[in-house]
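One-based numbering along the sequence shown.
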Amino acid sequence: MTDAVSAARRRDVIDALRRGAVPETGLDLLATGLDRFQGALDAELDAVARGAAVFKAVRGEYGSGKTFFTRWLGERAKRRNFAVAEIQVSETETPLHKLETVYRRLTERLTTSGFPPSALRPVVDAWFYALEEDSLAAGVAEQDLAPEVERLMAARLTEVSRHAPAFATALRGYRAALAAGDDATAAAVLAWLGGQPHVPAAARRAAGVRGDLDHFGALGFLQGLLTVLRDSGHAGLLVVLDEVETLQRVRSDARDKALNALRQLIDEVHSGRFPGLYVLITGTPAFFDGRQGVQRLAPLAQRLATDFTTDPRFDNPRAVQLRLPGFDLASLAGLGERMRDLYVTGASAPERVRTLADDAYLHELAQAVGGALGGKVGVAPRLYLKKLVGDVLDRIDQFEDFDPRRHYALTVRTDELSQVERNAAAGARADDIELDPDLP
């Protein structure tokens, strides 16, 4: 598989890992243990593309790879021409009980296979272009194009206008501003359409809208956005609500409102109101099972209930909740093998890299990194790949006489660790940990 990877894609992945970051693309090259979910998730994405809606939850301990999983799924969705938005739930920046804020972050983080965040303006422009093309294909003369586009727009937003008439009004205002050559007003109206507050009153007056988007209007605007996405050629929208476990740390009244908002969102998704929407939330087991999380609201607990009492091998990937198993020593070393093989295909000295960073050494390094993190191998993948690429593979590739077994001792500094890794390392000696060449 690695032989067919483009040089640019390989470089992007390796550069990100060297920095200790999750790559933005190419995650399928690193996906280890996710093949068990692939069939069910692909089937769900295909169903959403046909007009269904899906709500899914992913549970895993800190450091178990939830962010990697969501971005891997996002890549698969983009290959199916979905738009994707990844939102970090936060008490201060994105409180879940204020859906207008969630919608705003969604439009800020909206991305497609062709456009980075925010892709809202390209999507809206593509929609108007599609309306013009449909009108011309129906035989409308050029001089009659503007009124026909207006008629088509009204027809396709009929259902949306019942719930959020301001959405359609703002689209008309945006188009009118563009036609008048007033790009500043057009940009301001589009910002209002994206849920941004404090839009100049003059722009709102020009578009015929008032005030700011509120909690109750957010779902209507989401419905409108899905219509625009579908008509502009996109298969659907994947929305990731990451780190919902942060709800456990907010005030009890805000927590209860947020949990109820989550319950409301699940019901709205299942009601059929949002064809083309796939919502994915991530959280820790404590959030899903603990008294300060999902279990605090019985109706929400009921909707997310999933049996995890059996062997993880038999977890049902079609269930509403998925359990990420996390890494053990063998799977961490296996991830290192995939990374080494990817690196080799673009290396200056591929044979030297493959020989000196053999499977046995990758196992030793995995064991050493796990030891530096207090034996908690499950939180080690980021640091392991960072050390493997930057400290080992790069040096083997560049220096003929470098042998990692003789010239490299793993060093882990506190300032290069994430908070989760720092907590794991607290009980271990994380200064200089030498690799023992006699380790199995």
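Residues Asp125 and Tyr174 have side chains that bring a donor and an acceptor to within less than 3.5 angstrom of each other. A side-chain donor-acceptor contact under 3.5 Å links Gln419 and Asn423. Between the side chains of Thr345 and Arg10, at least one donor N or O lies within less than 3.5 Å of an accepting N or O. In the model, Arg255 has no side-chain atom that pairs as donor or acceptor with a side-chain atom of Gln248 under 3.5 Å.
Residues Tyr278 and Val48 share a closest heavy-atom pair of CD1-CG2, 3.9 Å. When every heavy atom of Tyr384 is checked against every heavy atom of Leu332, the shortest pair comes out as CE2-O, 3.2 Å. Taking every heavy atom of both residues into account, Gly173 and Val189 meet most closely at C-CG1, 4.3 Å. Pro381 approaches Leu335 most closely through the heavy-atom pair CB-CD2, 4.2 Å. Taking all atoms of both residues into account, the shortest heavy-atom contact from Ala261 to His97 is CB-CA, 4.0 Å. Among all heavy-atom pairs drawn from Ala177 and Thr185, the shortest one is CB-CG2, 4.0 Å.
With a 4.5 Å cut-off on side-chain heavy atoms, Thr112 and Phe82 do not count as touching. Inter-residue side-chain proximity for Leu96 and Thr101 is flagged as unmet; no heavy-atom pair is nearer than 4.5 Å. At least one side-chain heavy atom of Leu222 sits under 4.5 Å from a side-chain heavy atom of Leu237. The shortest side-chain heavy-atom distance between Val392 and Lys387 does not fall under the 4.5 Å cut-off. By the 4.5 Å heavy-atom criterion applied to side chains, Arg59 and Leu324 are not counted as neighbours. Considering only heavy atoms from C-beta on, Leu41 stays 4.5 Å or farther from Arg76 through its side chain. Considering only heavy atoms from C-beta on, Pro23 stays 4.5 Å or farther from Arg71 through its side chain. Between Leu171 and Val228, the closest side-chain pair of non-hydrogen atoms falls below 4.5 Å.
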Inset, instruction - Quick one: do Arg9 and Leu342 satisfy side-chain contact (heavy atoms from CB on, under 4.5 Å)? Show the steps, please. - result: CA-CA 10 Å; Arg9 194 163 175 242; Leu342 178 67; over 6 Å; no
Legend entry - Test salt bridge (Lys or Arg N to Asp or Glu O under 4.0 Å) applied to Lys66 and Glu61, step by step: CA-CA 8 Å; Lys66 296 189 293 296; Glu61 297 290 356; over 6 Å; no
Inset, instruction - Could you go through the side-chain contact (heavy atoms from CB on, under 4.5 Å) check for Ile87 and Leu106 one step at a time? - result: CA-CA 7 Å; Ile87 304 166; Leu106 189 163; 3.8 Å; yes
Inset, instruction - Decide yes or no on side-chain contact (heavy atoms from CB on, under 4.5 Å) for Trp127 and Met153, but give the supporting numbers first. - result: CA-CA 9 Å; Trp127 184 63; Met153 181 173 67; 3.2 Å; yes
Inset, instruction - Check step by step if side-chain contact (heavy atoms from CB on, under 4.5 Å) holds for Leu136 and Glu142. - result: CA-CA 8 Å; Leu136 293 172; Glu142 191 76 34; 4.2 Å; yes
Inset, instruction - Evaluate salt bridge (Lys or Arg N to Asp or Glu O under 4.0 Å) for Glu93 paired with Arg105, printing each intermediate quantity in order. - result: CA-CA 9 Å; Glu93 298 294 325; Arg105 297 288 176 255; 3.6 Å; yes
Inset, instruction - Could you walk me through whether Asp256 and Arg251 pass salt bridge (Lys or Arg N to Asp or Glu O under 4.0 Å), step by step? - result: CA-CA 9 Å; Asp256 291 342; Arg251 296 189 324 269; over 6 Å; no
Inset, instruction - Begin with the C-alpha distance, continue with both residues' side-chain angles, and end with the deciding distance and a verdict on salt bridge (Lys or Arg N to Asp or Glu O under 4.0 Å) for Lys56 and Glu44. - result: CA-CA 10 Å; Lys56 203 86 169 180; Glu44 289 175 348; 2.7 Å; yes
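A salt bridge does not link Arg18 to Asp391: none of the charged side-chain nitrogens sits closer than 4.0 Å to a carboxylate oxygen. Ion pairing between a basic and an acidic side chain is recognised when a charged N comes within 4.0 Å of a carboxylate O; Lys257 and Asp253 show no such pairing. Salt bridge annotation for Arg175-Glu150: absent, with no cationic side-chain nitrogen under 4.0 angstrom from a carboxylate oxygen. Salt bridge status for Lys78 with Glu24: absent, with no side-chain N to carboxylate O gap under 4.0 Å. The existence of a salt bridge linking Arg109 and Glu86 is excluded, since no basic side-chain nitrogen approaches an acidic carboxylate oxygen closer than 4.0 Å. In this structure, Arg121 pairs ionically with Asp183, as a charged nitrogen and a carboxylate oxygen lie closer than 4.0 Å. Between Asp42 and Arg80, at least one side-chain nitrogen of the basic residue sits less than 4.0 Å from a carboxylate oxygen of the acidic one, meeting the salt-bridge criterion.
Within the model, atoms CG of Leu262 and CG of Leu241 stand 7.5 Å from one another, a figure rounded to the nearest 0.5 Å. Note that the CZ atom of Arg210 and the OG1 atom of Thr169 stand 11.0 Å from one another [nearest 0.5 Å]. Here the straight-line distance linking atom CG of Leu225 with atom CZ of Phe167 works out to 5.5 Å at 0.5 Å rounding. In this structure, CZ in Arg422 is found 11.5 Å from CG in Leu373, a value given to the nearest 0.5 Å. The CZ atom of Phe68 sits 6.0 Å away from atom CG of Leu34, with the distance rounded to the nearest 0.5 Å. Rounding to the nearest 0.5 angstrom, the gap separating the OG1 atom in Thr94 from the CD atom in Glu243 is 10.5 Å.
A distance of 6.0 Å or more separates the ring centres of Phe37 and Trp72.
Sparse packing is recorded around CZ of Arg318, with 12 or fewer heavy atoms of other residues, nucleotides or ligands lying under 6.0 Å away.
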